[in-house]
Protein chains: 2
Amino acid sequence: MSSRTSDRNPCPVSQLMTMLSGPWTMYILWILSTVGPTRFGALRRQVEGISTKMLTERLRMLEQEGIVNRHYEPTVPPQVTYSLTERAGELVAILDQLNGLAQRWYGPAAPDAAPCLPTATPQELTL
Amino acid sequence: MSSRTSDRNPCPVSQLMTMLSGPWTMYILWILSTVGPTRFGALRRQVEGISTKMLTERLRMLEQEGIVNRHYEPTVPPQVTYSLTERAGELVAILDQLNGLAQRWYGPAAPDAAPCLPTATPQELTL
DNA sequence: CCGAATCCGAGAAGATACTG
DNA sequence: CAGTATCTTCTCGGATTCGG
């Protein structure tokens, strides 16, 4: 009954926020930006806790938005590598600032954990 | 069964992203930053489509995170006003940049719609 | 009257097994 | 290895009710 994605085209920010607010979206972008082009399986291992279903779904969405590139290599076994587009650079820059902010608020991260993985799914932060 | 919010304290960015990725969170912050301190009912009308339950829930979370202030005025009828804390300023600055980015990508917003309201719920952007 | 808590249904996200 | 299908689980959201 409520609105679907293309009911109207209300406002740019809203559109962008809606995308980023999608489950796992930020994490995927963050991982791709820190570890560079990554294959599907590796990506799934990096974004700890994500299901294959969610990962494909989000990647498809990000691909449609022009944020990630999907490179299919028909070897045996096949290899699919995902990477950030040029457009994504601006977005990642903002995520970087978010990182800086988080460090100031919660203290710096342990220097070991490579790209800082999530523990809880976005939905679980209800407190 | 899976992880709850306080399982570990993994990484600052992750924590912050998890909070922002929560449903409606960004919209609420955006509205509060653009229209200033707002009462519950008005806020609910601004964040179009949100239920009172979700709004209370999110506001409680944001309050615990030190992002919003809750001011209760025991008049008749009672008035509860929510406003951004000082800490939220840094966060809003980032949202502002997100706004700029969105304008470059999707074109500028119509100058009328005050703070750009969402149409779809965050969960609905599955494409 | 304004704001918060409760119950229940719809629909999304998680887990697992399976296919190309 | 990459992705899909299916089933289960549980969050989200609406209406109603309670409290001040």
- Is there a side-chain contact between A:Leu32 and A:Tyr27 (heavy atoms, below 4.5 Å)? no

- Item | Note, B:Leu43 side chain near B:Ile31 side chain (heavy atom, < 4.5 Å) | yes

Quick one: which of [options] gets closest to the side chain of [X]?
{"X": "A:Pro78", "options": "D:dC1, C:dG14, D:dG20", "answer": "D:dC1"}
{"X": "B:Glu57", "options": "C:dA5, D:dG3, D:dC12", "answer": "D:dC12"}
{"X": "B:Arg60", "options": "C:dA17, C:dA5, D:dA2", "answer": "C:dA5"}
{"X": "A:Arg39", "options": "C:dA17, D:dC1, C:dG3", "answer": "D:dC1"}
{"X": "A:Pro77", "options": "D:dC1, C:dA5, D:dT4", "answer": "D:dC1"}
{"X": "A:Ser51", "options": "C:dG14, D:dG3, D:dG14", "answer": "C:dG14"}

- Query: Which part of the nucleic acid, if any, lies within contact of B:Arg70, taking any heavy atom under 4.0 Å across all strands shown: a base, the sugar-phosphate backbone alone, or nothing?
  - Reply: sugar-phosphate

Rounded distance (Å) that lies between atom [atom2] of [N] and atom [atom1] of [X]:
{"X": "B:Leu55", "N": "C:dA4", "atom1": "CG", "atom2": "C1'", "answer": "11 Å"}
{"X": "A:Met61", "N": "C:dA12", "atom1": "CE", "atom2": "C1'", "answer": "14 Å"}
{"X": "A:Glu73", "N": "D:dG3", "atom1": "CD", "atom2": "C1'", "answer": "17 Å"}
{"X": "B:Arg45", "N": "C:dC2", "atom1": "CZ", "atom2": "P", "answer": "9 Å"}
{"X": "B:Tyr72", "N": "C:dC2", "atom1": "OH", "atom2": "C1'", "answer": "9 Å"}
{"X": "A:Met54", "N": "C:dT16", "atom1": "CE", "atom2": "P", "answer": "17 Å"}
{"X": "A:Arg44", "N": "D:dT4", "atom1": "CZ", "atom2": "P", "answer": "14 Å"}
{"X": "B:Phe40", "N": "C:dC1", "atom1": "CZ", "atom2": "P", "answer": "19 Å"}

Below the 4.0 Å mark, does [N] have OP1 or OP2 next to a side-chain nitrogen or oxygen of [X]?
{"X": "A:Tyr82", "N": "D:dC1", "answer": "no"}
{"X": "B:Arg58", "N": "D:dT11", "answer": "no"}
{"X": "B:Trp24", "N": "D:dT11", "answer": "no"}

- Salt bridge check: are A:Glu65 and A:Arg87 linked by an N-O gap of less than 4.0 Å? no

- Message: Please determine whether any donor N or O and acceptor N or O are separated by less than 3.5 Å between the side chain of A:Thr56 and the base of D:dT4.
- Response: no

- Message: I need the single residue from B:Arg58, B:Met61, B:Met54, B:Gln46 that forms a side-chain contact (heavy atoms from CB on, under 4.5 Å) with B:Ile28. Which is it?
- Response: B:Arg58

- Message: Both A:Leu59 and B:Lys53 contact DNA chain D. Which one's nearest nucleotide lies toward the 5' end?
- Response: A:Leu59

- Would you say the side-chain atoms of A:Ser21 pair up with the backbone N or O of A:Thr18, donor to acceptor, closer than 3.5 Å? no

